[in-house]
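The structure appears below as structure tokens.
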Amino acid sequence: MELINTIGRRKTSVARVYLKAGKGDININNRTLDVYFPNEILKTVVNQPLVATEQAGAFDINVNVDGGGYKGQAEAIRLAITRALMELDAETRPVLKKEGFVTRDPRMVERKKYGRRKARRRFQFSKR
């Protein structure tokens, strides 16, 4: 099996995933999964596509991720791993689609507008 690389995005996070056959090591920005994401929920999010397709421990995954917060980064990694698994074997797509991992979440932070305190929040109104 050759090296497969894919990209996943979420909010402002961008994850580049390199997947190859191996013994199940996941490295994120040259750190192990446990060191990079100490939170159990985020580790679970990253592993979801592998668990859903029953391929946990079958691949070595190397990830470069940048931008956003931890949750956005974890979900960007999940999307990139999903795309890599679909590129490797197209028959995994229905399983991943059913779990909702194939769809890129388009929600982004709305920009701040002039004359407002935030994107939609107005300055406090005072009659006097």
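A quick note: this is a predicted structure, and the numbers were derived from the prediction, not measured. Values below: every heavy atom of this structure, side chains too, minus hydrogens, waters and symmetry copies. Start at 1 with the first residue, then count along the sequence.
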What I'd like to find out is whether the side chain of [X] reaches to under 4.5 Å of the side chain of [Y], using heavy atoms alone.
X	Y	answer
Phe59	Ile4	no
Asn5	Leu19	no
Lys43	Val45	no
Arg104	Arg9	yes
Tyr36	Leu42	no
Arg120	Glu110	yes
Arg10	Arg107	yes

Search all heavy atoms of [X] against all heavy atoms of [Y] and return the closest pair with its distance.
X	Y	answer
Ile26	Asn47	CD1-OD1, 3.3 Å
Phe101	Leu79	O-CD1, 3.4 Å
Leu85	Pro49	CD1-O, 3.8 Å
Ala80	Gly8	CB-N, 3.5 Å
Arg111	Ala119	O-CB, 3.4 Å
Met86	Leu96	CG-CD1, 3.8 Å

Next item on the list: Decide yes or no on salt bridge (charged side-chain N to carboxylate O under 4.0 Å, His left out) for Asp60 and Lys23, but give the supporting numbers first.
Entry: CA-CA 6 Å; Asp60 284 343; Lys23 56 185 188 293; 5.0 Å; no
Item checked: Common cluster, Tyr18/Val14, ILVMFWY with side-chain heavy-atom separation under 4.5 Å -> no
Next item on the list: Spell out, yes or no, whether Val102 and Val95 are grouped together once hydrophobic residues are joined by side-chain heavy atoms under 4.5 Å, including indirect joins.
Entry: no
Notebook entry, point to check: Where the side chain of Arg116 meets the backbone of Phe123, is there a donor-acceptor pair that is under 3.5 Å apart?
Noted result: no
Check: Would a distance-only check, ignoring hydrogens and angles, find a side-chain to backbone donor-acceptor pair under 3.5 Å from Thr92 to Asp89?
Finding: yes
Checklist line | Thr6 vs Glu87, side-chain contact (heavy atoms from CB on, under 4.5 Å): CA-CA, chis, key distance, verdict | finding: CA-CA 9 Å; Thr6 54; Glu87 192 174 313; 3.6 Å; yes
Check: What distance do Glu91 atom CD and Thr53 atom OG1 have between them, rounded to the nearest 0.5 Å?
Finding: 12.5 Å
Check: Between CZ of Arg93 and CZ of Arg83, what distance do you get to the nearest 0.5 Å?
Finding: 10.0 Å
Side-chain donor-acceptor contacts of residues 61-71 below 3.5 Å, not counting sequence neighbours, with atom names and distances?
from: Lys71; atom 1: NZ; to: Glu75; atom 2: OE2; distance (Å): 2.5

Note to self: Who clusters with Val35? Use side-chain heavy atoms, under 4.5 angstrom, across I, L, V, M, F, W and Y, and order the result by chain and number.
What the structure shows: none
Next item on the list: Sequence neighbours left out, what passes side chain to side chain contact (heavy atoms under 4.5 Å, CB included) with Lys98? Give chain and number order.
Entry: none
Note to self: Are more than 12 heavy atoms, taken from residues, nucleotides or ligands other than Asn30, located less than 6.0 Å from that residue's CG atom?
What the structure shows: no
